[in-house]
Amino acid sequence: MQHLIRLYFQLPLFIRLLSTVFFTMTLFGIIIHIIEPENFPTFFDGLWWAFVTGATVGYGDYVPLSPAGKAVAILLILSGGGLVTFYMATLSASTVKHETSLSEGRVPYKGADHIVLIGWNERTRHLIDMLQDQNLHERIVMIDQTMNQFYQRLPSVHFISGSATNEETLEHANIKDARMAIITADPSMEEQQSDQGVIHQIVALKGHHPELFIIAEVLTDRQKINAQRAGASTIIRSNDFMSSLFYQELYRNDPVKPFELLLSLLTERQFHEETVPEKLTGHPILTAYEFFLKKGCQIIGIRKNGELSFHLDESIELEKGDELILFSPLRK
């Protein structure tokens with residue numbers, strides 16, 4: 001008996017209340033059926049009356065007529081009615097509390113094969129928008145320590161509040177079952193400090209998931225080697241990229257705007273590297289142009305003997321082991 005009582009109080013509050021409601025209503029249903037079998041011919045009739053009365057609905061299809069039956073009804077209204085009301089209030093409060101905990105990033109993520117984004121900023125917001133625009137139904141876990149509450153209504157994003165170097169935060173984000181992680185630099189910090197923070201986060205992620213594929217953003221070129229040593233799979237040097245765009249804009253002589261052109265291109269297409277198909281070996285590269293164009297891809301470069309070249313002409317002959325650099329449609 002003590003074991004059952006201990007087990008009962010170990011159950012979640014919602015389950016305890018629900019089971020208590022069912023037990024109480026069942027008990028009163030049995031009692032009224034025994035006391036007035038004429039008015040409550042079956043146990044189910046008594047159970048129906050107990051729930052209707054306890055919930056203060058009162059349809060009036062079953063009514064106790066004897067003094068004993070009316071006394072049972074009074075006890076049911078005093079005990080069962082309050083119990084049902086308390087159950088509904090607790091259920092409502094639990095729902096509101098869960099929603100609040102979700103928005104405040106205090107609910108652990110239970111899924112798997114998800115993408116972890118570290119740092120809520122304009123770059124991660126735009127990335128989420130791109131994934132949604134392309135109908136790529138990715139499960140995303142956002143880790144950020146600067147926000148007290150995640151106000152964005154994004155059904156595909158689960159928010160975890162905290163630092164990505166904190167053990168509890170990474171456990172809540174279920175890093176060990178994640179497919180990929182993207183670490184963005186913090187623009188509010190100095191460049192050196194921001195890059196050091198990124199490297200610390202890489203080390204923490206690898207500690208939880210050694211095989212995790214990590215894309216890391218660094219601001220200074222000298223920290224690239226440290227990010228690689230820490231375990232980053234891909235490193236994006238955002239400052240170098242922006243400097244190249246500034247250079248293109250500074251010396252362009254035609255109406256084409258490099259930034260808008262590149263942004264549009266990368267939004268609709270993606271880089272892809274593919275080994276030359278066996279049936280194309282020994283043929284000129286023009287044959288490959290026609291072959292991949294039918295797939296909606298454009299050849300922009302070739303890797304021969306490990307050397308990458310974007311200088312393409314019709315005299316190039318494809319050999320076994322050559323790699324073609326393609327612009328292909330975004331993967332669905």
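What's counted below: heavy atoms across the whole structure, side chains too, no hydrogens, waters or symmetry copies.
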Any sub-3.5 Å donor-acceptor pair from [X]'s side-chain atoms to [Y]'s backbone N or O?
{"X": "Thr287", "Y": "His283", "result": "no"}
{"X": "Arg303", "Y": "Glu273", "result": "no"}
{"X": "Asp195", "Y": "Leu219", "result": "yes"}
{"X": "Gln298", "Y": "Leu293", "result": "no"}
{"X": "Asp322", "Y": "Glu319", "result": "yes"}
{"X": "Ser243", "Y": "Asn239", "result": "yes"}

Minimum side-chain heavy-atom gap [X]-[Y] below 4.5 Å:
{"X": "Phe246", "Y": "Ser244", "value": "no"}
{"X": "Ser156", "Y": "Gln132", "value": "yes"}
{"X": "Gln270", "Y": "Ser328", "value": "yes"}
{"X": "Leu212", "Y": "Lys176", "value": "no"}
{"X": "Leu170", "Y": "Leu205", "value": "yes"}
{"X": "Leu47", "Y": "Thr26", "value": "yes"}
{"X": "Ile128", "Y": "Leu117", "value": "yes"}
{"X": "Asp129", "Y": "Arg125", "value": "yes"}

Take Phe271 and Leu326 through the side-chain contact (heavy atoms from CB on, under 4.5 Å) test and state the conclusion after the steps.
CA-CA 6 Å; Phe271 289 104; Leu326 309 171; over 6 Å; no

Could you tell me how the ring of Phe150 sits relative to the ring of Trp120: parallel (under 30°), tilted (30 to 60°) or perpendicular (over 60°)?
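Geometry flag for Trp120 against Phe150: perpendicular rings.
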
Could you give me the CA-CA distance, side-chain angles and deciding distance for Asp45 and Thr42, then say whether side chain to side chain donor-acceptor pair (under 3.5 Å) is met?
CA-CA 5 Å; Asp45 293 332; Thr42 66; 2.9 Å; yes

Rounded at 0.5 Å granularity, tell me how far [atom1] in [X] sits from [atom2] in [Y].
{"X": "Ile140", "Y": "Thr124", "atom1": "CD1", "atom2": "OG1", "answer": "9.5 Å"}
{"X": "Lys279", "Y": "Thr281", "atom1": "NZ", "atom2": "OG1", "answer": "11.5 Å"}
{"X": "Ile115", "Y": "Met142", "atom1": "CD1", "atom2": "CE", "answer": "11.0 Å"}
{"X": "Leu127", "Y": "Ile215", "atom1": "CG", "atom2": "CD1", "answer": "8.5 Å"}
{"X": "Ser103", "Y": "Phe159", "atom1": "OG", "atom2": "CZ", "answer": "9.0 Å"}

Ignoring hydrogens and angles, state whether a donor on the side chain of [X] or [Y] is under 3.5 Å from an acceptor on the partner side chain.
{"X": "Gln196", "Y": "Asn226", "value": "no"}
{"X": "Trp48", "Y": "Asp61", "value": "yes"}
{"X": "Gln201", "Y": "Thr165", "value": "no"}

Nearest heavy-atom pair of [X] and [Y]: which atoms, and what distance?
{"X": "Gly46", "Y": "Ile32", "result": "CA-CG2, 3.7 Å"}
{"X": "Ile143", "Y": "Ala173", "result": "CD1-CB, 3.7 Å"}
{"X": "Phe310", "Y": "Ile300", "result": "CD2-O, 3.0 Å"}
{"X": "Asp313", "Y": "Ile285", "result": "O-CG2, 3.5 Å"}
{"X": "Pro41", "Y": "His33", "result": "O-CE1, 3.1 Å"}
{"X": "Glu274", "Y": "Lys295", "result": "OE2-NZ, 4.4 Å"}

Are Leu318 and Ile299 linked, directly or through intermediate hydrophobic residues, by side-chain heavy-atom contacts shorter than 4.5 Å (ILVMFWY only)?
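Yes, one cluster joins them.
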
Decide whether Tyr62 and Leu76 are clustered together by the hydrophobic rule: side chain heavy atoms of Ile, Leu, Val, Met, Phe, Trp, Tyr closer than 4.5 Å, transitively.
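Yes, Tyr62 connects to Leu76 through the hydrophobic network.
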
So Ile35 and Phe40, side-chain contact (heavy atoms from CB on, under 4.5 Å) or not? Walk me through it.
CA-CA 9 Å; Ile35 292 177; Phe40 301 91; over 6 Å; no

Test side chain to side chain donor-acceptor pair (under 3.5 Å) applied to Glu217 and Thr184, step by step:
CA-CA 5 Å; Glu217 177 192 13; Thr184 59; 4.9 Å; no

For Glu167 and His208, run side chain to side chain donor-acceptor pair (under 3.5 Å): C-alpha distance rounded to whole Å, both residues' side-chain angles, the deciding distance at 0.1 Å, then the answer.
CA-CA 9 Å; Glu167 291 290 315; His208 272 260; 2.8 Å; yes

Between His114 and Tyr109, ring centroids under 6.0 Å
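Yes, they do, as the ring centres are separated by less than 6.0 Å.
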
Does [atom1] in [X] sit with more than 12 non-hydrogen atoms of other residues, nucleotides or ligands closer than 6.0 Å?
{"X": "Gln192", "atom1": "CD", "answer": "yes"}
{"X": "Phe22", "atom1": "CZ", "answer": "no"}
{"X": "Phe44", "atom1": "CZ", "answer": "no"}

Decide side chain to side chain donor-acceptor pair (under 3.5 Å) for Gln223 and Arg237; before the verdict, give the C-alpha distance in whole Å, the side-chain angles of both, and the deciding distance to 0.1 Å.
CA-CA 10 Å; Gln223 291 296 337; Arg237 303 188 305 277; over 6 Å; no

